Engineer: 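Following this message is one structure expressed as structure tokens.
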Amino acid sequence: MLRFACNDEYCDAAMNAPATFSFDTPGDAERAAELRRVKALATLVLASTLLVFIVAKWLLPVHPVFGFIAAFAEAATIGGLADWYAVVALFKRPLGLPIPHTAIIQSNQARIADKLGEFIQVHFLEAGPVEAKLNEIDFGSFVADWLRDRKRSDDLARFALRLLPEAVSATESSGLMTFIIRRMSSQLQAIDLAPLAAGTLRGFVAEGRHQILFDDLLRVMHETLNQKETMAMIREKVRAELPTLLNLYRADKFLVNKIVASATAFFNEVRSDPKHPFRGEFDRMVLNFVDRLGTDQAYIDRIDALKRDLLARPELADLARTVWANTRSFIERSASGETQVLQHHLAGMFVSAGEALAGDAELRGEINKGLVTVLRSFVADQKSGVSTFISDQVKAWNMTQLISLIEINIGRDLQYIRFNGSLIGGLAGVALYSVETLLRLL
């Protein structure tokens with residue numbers, strides 16, 4: 001089962017991969033240029049408020065209104081500087097000074113990583129939301145549509161054929177084939193053929209199919225009796241048993257003709273009458289044989305001995321090896337493209353399976369339920385591993401590059417905090433200066 005623990009090869013490879021970021025995604029270059037422009041504008045605003053403050057202070061003796069201007073510019077400069085410090089401290093140390101509680105993201109990389117992994121585990125991988133999302137997906141229809149596409153089925157068949165020779169070789173070299181042969185042999189040895197044969201014959205009789213065999217037997221006996229060779233042989237037997245005096249009157253020929261005629265008439269009578277008593281006798285004879293076959297220990301022992309002799313025959317082992325060799329050769333030729341028969345057959349089978357699945361809503365529902373159950377259990381088993389994997393990945397990131405990436409995407413909005421700080425600070429400065437002026441007048 002796939003694991004996300006850090007000691008897995010997959011995670012080791014991921015953790016050892018370079019933790020770098022590129023700015024090649026669409027719009028990154030434009031966002032970086034816009035960030036530089038907004039930063040320059042915010043710095044210009046800060047410098048302008050400082051310059052206005054200096055000029056207003058210098059012109060304060062000229063007119064009292066410059067006091068309000070100076071108060072606004074002074075507070076705006078302080079607010080802009082404060083917000084510049086707050087924005088910079090989020091990512092790095094202002095002016096490179098080791099001021100406490102600055103470079104917040106870098107300093108808290110490990111804690112952010114752990115909390116991010118925990119957040120995803122708790123809020124994204126809980127059983128309820130995962131199951132709800134999985135239930136929205138119609139896996140059965142997706143599989144059916146995928147298989148019904150002839151090109152995809154051809155590709156799947158070609159892929160399966162490329163794997164088959166290796167699977168066959170692995171089966172032979174791993175000893176799996178020997179295990180399968182031994183297992184099959186033991187299973188065949190364990191089969192009790194006598195009850196099986198009795199049951200098969202009983203069904204054969206119940207369907208009346210033994211009467212067809214009986215009719216064929218009567219036909220063969222009729223044809224055999226009427227052959228010249230058979231009649232000559234019977235005549236010789238009769239001649240040998242009759243007195244010599246009767247042979248002088250050719251009684252043997254008369255008797256043979258009567259025997260054959262009577263037998264032929266009897267056979268025709270039985271064959272033409274489905275309810276002839278002789279057929280009933282044949283039924284009883286066959287059923288008696290079937291009963292003895294399933295219960296008589298002598299029959300059982302004979303069938304078991306026949307089975308053992310058959311399984312022990314070297315010809316059977318040679319046949320199995322020949323069949324396996326031919327199968328392997330056919331698979332190898334199919335995989336190399338020498339013959340397309342198996343590939344076409346597999347592709348057709350996949351397409352047929354897709355069409356059958358598309359027309360079976362109940363089966364698609366069962367597939368969906370099964371996959372939801374499997375995936376839900378998989379996510380539940382692995383979510384702690386996912387959390388650890390995400391945490392370890394974030395801890396391995398190059399924070400300088402990550403911060404650059406964050407700044408490119410949200411830095412422009414953060415720079416507007418500096419504008420707002422200057423404006424709000426300036427308005428607050430004017431308000432406080434107005435209160436101070438009013439108190440002086442009172």
Side-chain angles (χ1 to χ4, degrees), residues 1-4 8 10 120-168 170-171 176-177 179-180 183-184 186-188 190-192 195-204 206-209 323-324 327 330-331 334-335 339-387 389:
M1 184 179 292
L2 177 63
R3 296 285 181 185
F4 289 96
D8 261 6
Y10 173 81
I120 291 178
Q121 176 182 346
V122 173
H123 296 283
F124 286 88
L125 299 179
E126 277 298 298
V130 169
E131 184 173 1
K133 188 62 180 177
L134 290 174
N135 282 324
E136 295 177 3
I137 304 173
D138 190 352
F139 296 102
S141 295
F142 173 79
V143 173
D145 294 340
W146 198 94
L147 288 176
R148 284 193 296 174
D149 187 283
R150 184 69 193 195
K151 184 179 182 304
R152 290 173 176 170
S153 291
D154 283 335
D155 294 339
L156 179 59
R158 194 178 303 111
F159 173 75
L161 283 177
R162 284 201 298 266
L163 296 180
L164 275 180
E166 296 182 5
V168 171
T171 300
L176 179 61
M177 181 57 63
F179 171 78
I180 293 175
R183 186 64 178 171
M184 290 178 60
S186 62
Q187 291 294 322
L188 289 174
I191 295 176
D192 192 355
L196 181 62
T200 303
L201 289 176
R202 190 172 286 108
F204 190 79
E207 294 176 2
R209 297 171 66 181
V323 171
W324 176 255
T327 303
F330 178 66
I331 290 174
S334 299
T339 175
Q340 302 292 325
V341 175
L342 186 55
Q343 179 180 329
H344 291 327
H345 180 73
L346 282 177
M349 183 179 65
F350 292 145
V351 171
S352 299
E355 292 175 349
L357 182 59
D360 192 338
E362 183 178 355
L363 180 58
R364 292 199 307 275
E366 292 297 325
I367 290 175
N368 290 338
K369 290 180 182 178
L371 285 175
V372 167
T373 301
V374 170
L375 294 175
R376 181 186 60 199
S377 300
F378 177 79
V379 172
D381 292 340
Q382 303 299 331
K383 64 180 182 179
S384 60
V386 172
S387 173
F389 174 75

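Being a predicted model, the structure only gives us computed values, none of them experimental. These numbers come from the heavy atoms of this one structure, side chains and all, not from hydrogens, waters or symmetry mates.
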Engineer: With distance as the sole test, does S153 use its side chain to make a donor-acceptor pair with the main-chain N or O of L147 at under 3.5 Å?
Structural biologist: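 Side chain of S153 to backbone of L147: a pair is present.
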Engineer: How far apart are the C-alpha atoms of V379 and L134, what are their side-chain angles, what is the distance that settles it, and do they pass the side chain to side chain contact (heavy atoms under 4.5 Å, CB included) test?
Structural biologist: CA-CA 11 Å; V379 172; L134 290 174; 5.7 Å; no
Engineer: Is the shortest heavy-atom distance from the side chain of L363 to the side chain of I367 under 4.5 Å?
Structural biologist: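 Yes; the side chains approach each other to less than 4.5 Å.
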Engineer: Between N368 and G140, is there a donor-acceptor pair closer than 3.5 Å when you use the side chain of the first and the backbone of the second?
Structural biologist: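 Yes, because the side chain of N368 sits within donor-acceptor range (under 3.5 Å) of the backbone of G140.
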Engineer: State plainly whether the residues D154 and K151 are in salt-bridge range, i.e. N to O under 4.0 Å.
Structural biologist: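 Salt bridge absent between D154 and K151.
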Engineer: State, to 0.1 Å, how close R148 and G354 come at their nearest heavy-atom pair, and which atoms those are.
Structural biologist: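 So the minimum-distance heavy-atom pair works out to CG-C, 3.4 Å.
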Engineer: Looking only at heavy atoms, what is the nearest atom pair of S141 and R364, with distance?
Structural biologist: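 Result for this residue pair: OG-NE, 3.5 Å.
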Engineer: Where is the tightest heavy-atom contact between L342 and S334, given as atom of each residue plus distance?
Structural biologist: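 Result for this residue pair: CB-OG, 3.5 Å.
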Engineer: So F330 and T339, side chain to side chain contact (heavy atoms under 4.5 Å, CB included) or not? Walk me through it.
Structural biologist: CA-CA 8 Å; F330 178 66; T339 175; 4.2 Å; yes
Engineer: Working to the nearest 0.5 angstrom, can you tell me the gap between F139 CZ and L375 CG?
Structural biologist: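 Answer rounded to 0.5 Å: 5.5 Å.
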Engineer: Using 0.5 Å steps for rounding, measure from the CD atom of E131 to the NZ atom of K133.
Structural biologist: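 Answer rounded to 0.5 Å: 14.0 Å.
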Engineer: Run the salt-bridge test on R152 and D155 with the 4.0 Å N-O cut-off and return the result as yes or no.
Structural biologist: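 No salt bridge links R152 with D155.
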Engineer: Do Q343 and L346 come within less than 4.5 Å of each other through their side chains, counting heavy atoms only?
Structural biologist: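 The answer is no, as the side chains (C-beta and beyond) never meet within the 4.5 Å cut-off.
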Engineer: Would you name the heavy atoms of A157 and A347 that are closest together and state the gap between them?
Structural biologist: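 Between these two residues, the closest heavy atoms are CB-N, 3.8 Å.
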